[in-house]
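Structure first, commentary second.
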Amino acid sequence: MAKSEETSSSSSSRPWESYHTVYTNAKAGMDGVDKEKVQRVVYEMSKGSKYFENEERKEAYMKQKIENMRAQRAKLKPADISHYQRVADKRIAELEATRDLTRTWLHVDMDAFYAAVETLSNPSLKGRPMAVGTMSMISTANYEARKFGVRAAMPGFIACKLCPELIFVPTDFKKYTYYSDLTRKVFQEYDPNFMAASLDEAYLDITNVCKERDITVAEVTEELRQNVYKATGLTCSAGVAPNRLLAKVCSDINKPNGQFLLPNDRAAIMTFISSLPIRKIGGIGKVTEHILKDVFEIKTCEDLLQKSSFFCALFSPSSADFFISVGLGLGGTDAPQVRSRKSMSNERTFSATKDETFFHQKLVELSEMLSADMEKEGLHGRTLTLKLKTASFEVKTRALTLQSSLRSSKDILKHASKLLKAELPVSLRLIGLRMSHFNEDKDGTLSDPTQRTLLNYIKPGDDNTNLVDDEHSDVKDHSESHCYTYTNPSRDPLSELNDNNEQVVEDNGLEDHECKDQLNAVKSSEFDAQGIETHSLEGRNQDQLTMIDFSEKETGSSSSHDKEALIWLEDYKCSLCGVELPPSFLEERQEHADFHLAEKMQMEEESAHAYRNLPLKNRMRQKEAVVGQSKGRKKLKQSPSNGKHIPIDAFFSKASHNL
DNA sequence: TACATACAC
DNA sequence: AATGGTGTATGTA
């Protein structure tokens, strides 16, 4: 009753309490945090935004879902309930029979991993509140920052408000991967088949080590953590339990730099589980917690077992099994199997726009990235999914399954743009592409992984490629996304040419300057400076490349097209205006050509009389002007839509005749 | 198969 | 000014 009083008053007098974020959940290092203040600040910074509106929309949807479930629950008659209770009891017995207490699982979790690594490479950050990420999004915060309520997944500008002293460090996945590999070498000594869950988490079956070395679980765990520290200078926390689900819960208990052991004993497990809030369980998130609490008054894992009849009555069998298993303290104990990847994707966020030329450009980039990533793993896919996030944060996916699998960026682009066209017009803030339904590579054209030109150049010798490597394929990240402009092999030779280019050298100097400023402002490490340098270098090389492509082809083919005919340079760019349209855009290209033809005819007609009387010299000059214009456009290709005579938007608008 | 959700890090 | 990217699983139609 005290609770209902609370909720009813909060919506009117204290509006921030009804904005349910994830930022005030109990988390390691957040003990002394003034939650009410955090809640208020987050609300103040968020309200009125598109994001906020979307959160409200989602919240409303959830409430609806809860109401539906309540109604269904209310429909159950006493007879139904006793029926489902029998069903549940049977299922409980069956699941109980699968309990395996013979294995000892250890879950390791590095403490504030990204932040800790950054502090290692820049010790002046020690003891100061710091976050890894940007003003838009924080990946990790160190413990000093967490005291202020700053935490992962919080936007940086809100964190700033909570902690004005907060230092931001940009993410550098190369570094984290390097340290992650060091930790994994340690893990390997305890379990050669350990499961890497992410860069900073792993599951180890330490049953055998304990037996073989005849030492206690506690000793093994202490030793492992000590060895991780020796190898990396980083602390970690560990949890030990008879299954992975519980081990994960346990590793959180004495975080940071601590461990917690749950004995392989049923009574101990049930005691442990009984008071455990369901939200601590991996797989139970904000929504599930809310539903279980509001519809069934379930807060702890013990409650899960008490209310199991409802699961059998109202949830799918697999959900019911999951909830009951959790209530029994069951979890995975089996040996990790090698799972093949199911999908591969990339997506980019940008400031919301309706610019269809921009969309097209994004699709080109995403297609090329995705294609390159698939090639690296020798994959071909059959299902392509386009992901869109509208300016109002609504997420849409549009999928297409093909008869035969594909991988080339052109094919991907062709289908992706078809999917996108059907959605126009829209205002978007994100576009993504996902490929799934894989077939293994037949022709074995695995590209050599030595192609990481820039990485080698920037940070030599960071690699120990003989790591254990499980399914931690989620390690693709910024380091790779930065490289996408280099993934087109046909361009690589040119990029080397550019290294000797005078202008690039000059720009390098400029960039250095910027990096130093960054360094001072952020008090960051030299790695970061290099990261920045990498990024902007690529952008410039891209421009350089395009120019070179252009002039080469222009001079090379000028003899053959005395009528100023449109040709597709590099099979890709219009020789007349520079617009980029891959061969797969057949209709688009035809229209584009028609446009130029019409334009030319009109021009000729208008100036036919005067032109014919001009001396040859002037006619040449006129032609040069066209070329010069094109070159200029290439340089300014960051804003491609401002070219009046490029009707690319029209291609997108005419969605219908391509479907 | 298509799409939306939920979840994790 | 400003709220990410990658991957899996699951429910539903």
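Computed from a predicted structure; not experimentally measured. Chain letters run A, B, ... following the sequence lines, proteins first and then strands; every chain starts at 1.
- Closest to the A:Arg434 side chain, of the nucleotides C:dG5, C:dA9, C:dG7, is C:dG7.
- Heavy atoms of A:Lys161 sit nowhere under 4.0 angstrom from any nucleic acid atom.
- Of the residues near DNA chain B, A:Lys58 and A:Glu201, the one whose nearest nucleotide (by heavy atom distance) lies more toward the 5' end is A:Lys58.
- Under 4.0 Å is where a charged nitrogen must lie from a carboxylate oxygen, and between A:Glu118 and A:Lys175 at least one such pair does.
- Residue A:Arg429 places none of its side-chain N or O atoms closer than 4.0 Å to OP1 or OP2 of C:dA2.
- Each of C:dT6, C:dG4, C:dG11 was ranked by its minimum atom distance to the side chain of A:Ser319; first place goes to C:dG11.
- The span of DNA chain B lying next to chain A, judged by atoms under 4.0 Å from heavy atoms, is bounded 5' to 3' by B:dT1 to B:dC9.
- Distance noted for atom C1' between B:dC7 and C:dG4: 15 Å (whole Å).
- Rounded to an integer number of Å, the gap from A:Glu394 CD to C:dT3 P is 17 Å.
- The CZ atom of A:Phe168 sits 11 Å away from the C1' atom of C:dA2 (whole-angstrom rounding).
- Between A:Phe173 and A:Tyr114, the ring-plane angle classifies as perpendicular under the 30° and 60° cut-offs.
- Ion pairing between a basic and an acidic side chain is recognised when a charged N comes within 4.0 Å of a carboxylate O; A:Asp252 and A:Lys255 show no such pairing.
- Between A:Lys50 and the phosphate of C:dT3, there is no side-chain N or O to OP1/OP2 separation shorter than 4.0 Å.
- A:Tyr23 comes within 4.0 angstrom of a base, heavy atoms only.
- A close approach under 4.0 Å does not occur between any side-chain nitrogen or oxygen of A:Ser136 and OP1 or OP2 of C:dT3.
- If you take CD of A:Gln337 and P of C:dT8, they are 13 Å apart, rounded to a whole angstrom.
- Ionic pairing of A:Lys58 and A:Glu55 is present here: one or more N-O contacts between side-chain nitrogen and carboxylate oxygen are shorter than 4.0 angstrom.
- Remark on DNA chain B: of its neighbouring residues A:Arg57 and A:Ile284, the 5'-side contact belongs to A:Arg57, judged by nearest-heavy-atom nucleotide.
- At distances below 3.5 Å, not a single donor-acceptor pair connects side-chain atoms of A:Asp109 with backbone N or O atoms of A:Ser237.
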Pair A:Ile284-A:Phe322, side chain to side chain contact (heavy atoms under 4.5 Å, CB included): steps then yes or no: CA-CA 10 Å; A:Ile284 298 186; A:Phe322 173 69; 3.9 Å; yes
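- Counting non-hydrogen atoms under 4.0 angstrom, A:Leu402 reaches nothing in the nucleic acid.
- Evaluation of atom-type donor-acceptor distances gives no pair under 3.5 Å for the side chain of A:Ser343 against the base of C:dT8.
- In this structure, A:Thr349 reaches the C:dG5 phosphate: one of its side-chain N or O atoms is under 4.0 Å from OP1 or OP2.
- Along DNA chain C, the nucleotide closest to A:Glu347 and the one closest to A:Ser318 are compared, and the more 5′ of them pairs with A:Glu347.
- Using a 4.0 Å heavy-atom distance criterion, A:Asp200 is classed as a sugar-phosphate-only contact.
- Closest-nucleotide positions on DNA chain C for A:Lys47 and A:Ser316 were compared, and the one nearer the 5' end corresponds to A:Lys47.
- In this structure, A:Tyr43 contributes its side chain and A:Ser18 its backbone to no donor-acceptor pair below 3.5 Å.
- Partners of A:Ser46 according to the side-chain contact (heavy atoms from CB on, under 4.5 Å) rule, which considers only residues two or more places apart in sequence or in another chain, are A:Tyr19, A:Val42, A:Phe52, A:Ile158.
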